[in-house]
Amino acid sequence: MPTRNKSQGASPPSSATAAKPWEHAKSGEGSGSDPLAASFVESLSYDTRLYAADIFGSLAHAAMLESVGLISRSDQDAITSGLAEIKSEIESAMHGPGGVAGWAGWKVELEDVHMCIESALIAKIGDAGRKLHTGRSRNDQVALDLRLWLRDAAVTMTIAIDDLLSAFRTVAKGQGEIVLPGYTHMQRAQPITVGAEMNAWHAMFTRDRHLINNLCASNLTDCPLGSGALAGSVLPLDREMTASALGFSSPSASSIDSTASRDEALDLLYTLARTSMHLSRLAEQWIIYATTEFGFLTLDERFTTGSSMMPQKRNPDMLELIRGRCGGIYGHLMALLTICKGLPIGYNRDLQEDKRHVFAAYDTVLECVRMAARIVATVKFTPERIRVAGGGLDRGHLDATVLAEQLVNAAVPFRTAHQVVGALVQLCDSTGRTSLQQLKPNELIEALKSRNLEWARVDAAAIIGMLGAENVVRAYASHGHAGTGRGGYKQTMPRAAEQGAGGVGGAGGVGSAGGLPTVAPVTKRHAPAIVPVKQPVHEPALPSQIAPTNTPAIVTIPTASPQEGRPGTPILRKGHSRATSIDSPNVEPEATVLFADDDTNGAATVSQFNQRLIAAYVEVGRTLDDLPYTEEFIRMCELASATEAGMNEHAVFRRLQNIRKAGKLPPIGRASSRAPRLSEAEEGWLANAVVETVGSLGQRDQLPFTTRFDILLNRFNESTGRSLSPHDLWRVVAKLAK
Ligand code: ARG
């Protein structure tokens with residue numbers, strides 16, 4: 001359960017003596033005059049991360065108020081620029097030592113993010129700021145902010161899951177043919193391959209990815225803004241307008257329900273709980289595999305710890321923590337279900353507690369998914385151990401089922417074949433033979449005869465010759481089987497491009513081409529459709545308050561960032577903090593050390609990787625500006641074994657830029673694609689949007705393979721009615737910069 005860690009968010013409630021500006025009806029002192037009451041009621045210590053969503057919602061609300069004549073154009077302009085200033089103040093504070101809590105506008109006596117921003121706005125622009133809350137209550141405001149946040153959280157989570165999926169594919173590709181005993185009831189059952197196991201995890205987490213995508217596509221479609229406190233308003237609010245500006249398909253149908261319910265938060269929590277349950281299974285499986293008894297795999301040293309007493313230990317702590325944290329996630333789901341249980345209809349302050357659980361569960365699962373991706377990407381299965389563990393691969397008669405199926409091929413009814421093989425297993429056991437392969441052909445013939453099956457035409461020697469785990473995995477033939485041949489993981493494990501997954505082998509993350517037809521790419525649905533031209537600040541609440549996509553530096557230990565950290569997240573050791581995401585303008589991935597605590601070792605790894613990357617770049621033969629979001633880019637990542645090196649696509653691209661800057665990138669002929677032709681207005685729009693996003697056109701290289709780019713693409717396509725691919729848009733951006 002989340003702790004009430006005041007250091008996480010705003011300043012402590014020491015100054016909590018002021019009367020609250022909205023408590024006008026009270027004759028005496030308000031709740032702000034009692035420090036305990038003030039700190040008891042606040043949510044500022046954990047809701048500041050909603051600031052960008054809050055401002056985004058307010059901009060749309062102000063534009064709507066202006067358009068229906070409730071405020072003047074000059075009021076709207078003042079609100080817009082005031083909010084833009086506040087946003088940039090908060091964001092510059094975020095880059096300072098105090099993090100987001102460093103903004104002077106957070107005043108705990110104002111209770112929450114909404115009141116702090118509004119009161120700072122009023123302080124800046126006076127009466128125009130007092131008009132912003134027209135037709136709105138904190139009840140619809142917080143419901144909206146949470147939905148906007150959930151949408152972005154879903155994008156980030158999807159990207160993290162994509163990296164995990166990509167890691168499973170990498171293991172399948174590199175180690176897939178290794179044969180393993182497969183278990184049911186934890187008893188040896190039938191032989192499987194490492195690729196088949198990866199296919200199983202991949203299928204599981206692909207479902208989680210779809211679940212989280214569907215959360216956006218089907219559950220986050222209506223906009224609560226304009227519901228007011230619970231009953232709506234007598235004012236002529238245009239709820240259609242705000243809904244569409246904020247990327248929703250419609251205003252919510254019931255003002256009462258949409259301020260009183262948190263179903264979408266519950267949906268996210270269930271999604272997280274299920275993902276976490278899947279992670280705990282993976283963790284348990286591999287903890288068992290890593291035991292001396294099994295020894296099927298070794299975990300990378302970075303993901304095991306030693307014992308303070310027993311010098312030989314390599315404990316799988318990361319996996320154990322992944323397994324253990326699942327318990328907390330279930331707790332958060334149960335907590336919110338219970339908070340909502342029995343709540344009278346209409347907003348109740350109990351609902352303020354929702355965010356503790358949603359944020360804590362999200363932060364934890366995101367971290368677990370990212371940790372799992374690294375563990376998977378670096379796992380080494382150990383065929384030499386697998387072959388001897390438990391007395392060898394022939395122990396447990398893994399091939400017995402296939403022997404029975406071979407008899408079925410000779411027209412023996414399956415139940416009868418099952419009996420025959422059962423008898424043969426007994427024969428082996430009673431004569432000290434460990435494997436059915438050690439049977440003599442005439443023993444098989446005799447077993448058939450003793451059941452009056454002499455008519456069965458079997459080539460006993462041939463059948464026995466096909467036994468053994470290694471042979472069996474080659475013989476499986478049914479779709480989705482656990483072996484190596486046709487129909488197995490090599491065909492049924494979807495490649496990234498087919499499922500819209502990012503990562504190596506992928507086509508560039510959420511919103512990129514090739515998503516499953518039934519699942520709308522998460523970013524698609526929430527690109528703000530109207531606000532652009534007039535208002536400078538309107539991107540969804542994404543950039544920095546939401547955890548970034550995976551960072552390339554494995555050594556990075558997250559800071560206790562109030563924006564996303566769980567309480568007590570350890571401090572930065574090396575590399576960059578998660579607060580400076582790959583989406584953040586100032587990250588220089590080259591400055592981070594790849595792998596390893598040991599710098600010499602790390603440096604060697606960096607230069608080896610650079611060499612591999614340069615070779616792969618030359619091999620695929622497309623110019624650097626022409627590479628992002630192409631098959632060749634994916635192939636280059638594969639050739640350079642980028643995933644194994646902990647590098648995602650964004651990091652690979654930045655690395656190449658750095659290599660080019662250092663003058664070490666061999667020149668490659670000519671670009672094979674051209675930027676599509678756009679109108680002047682479209683180019684102007686795009687140039688502005690790039691500047692807004694990364695500061696200047698010269699900084700464009702920060703964009704490829706980031707959520708920011710996905711958002712830019714969606715905004716561009718929505719605003720222009722075009723459907724440029726990520727690659728096309730990138731070509732235009734690159735051209736504009738020249
Ligand atoms: N911080 C509050 C929350 O998270 C805002 C809503 C307060 N509403 C009210 N009617 N007191 O729910």
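On a predicted model such as this, the values are computed, not experimentally measured, just so you know. Numbering of ligands and ligand atoms starts at 1, following listing order.
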field: Atom of A361, atom of L269 and distance for their closest heavy-atom approach
entry: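 Residues A361 and L269, closest heavy atoms: CB-CD2, 3.4 Å.
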message: Restricting to side chain to side chain donor-acceptor pair (under 3.5 Å), what partner residues turn up for S261, sequence neighbours left out?
response: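 Counting only residues at least two positions away or on another chain, S261 forms a side chain to side chain donor-acceptor pair (under 3.5 Å) with D257.
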Basic-acidic side-chain contact under 4.0 Å: K355, D145: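 Answer for the salt bridge query: no.
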- prompt: Does one side chain, of S74 or D77, offer a donor that lies under 3.5 Å from an acceptor on the other?
  reply: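 Per modelled atom types, S74 and D77 side chains form no pair under 3.5 Å.
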task: Ignoring hydrogens and angles, state whether a donor on the side chain of S227 or S258 is under 3.5 Å from an acceptor on the partner side chain.
output: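 Yes - a donor-acceptor pair under 3.5 Å links their side chains.
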query: Roughly how far apart are Q352 CD and E42 CD, rounded to 0.5 Å?
result: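 Spacing of CD (Q352) from CD (E42) equals 7.5 Å.
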message: I'd like the contact residues of ligand 1, where contact means a heavy atom below 4.0 Å.
response: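 Its neighbours under 4.0 Å (heavy atoms only) are S43, D112, R138, N139, V142, Y347, R349, Q352, K355, given by chain and number.
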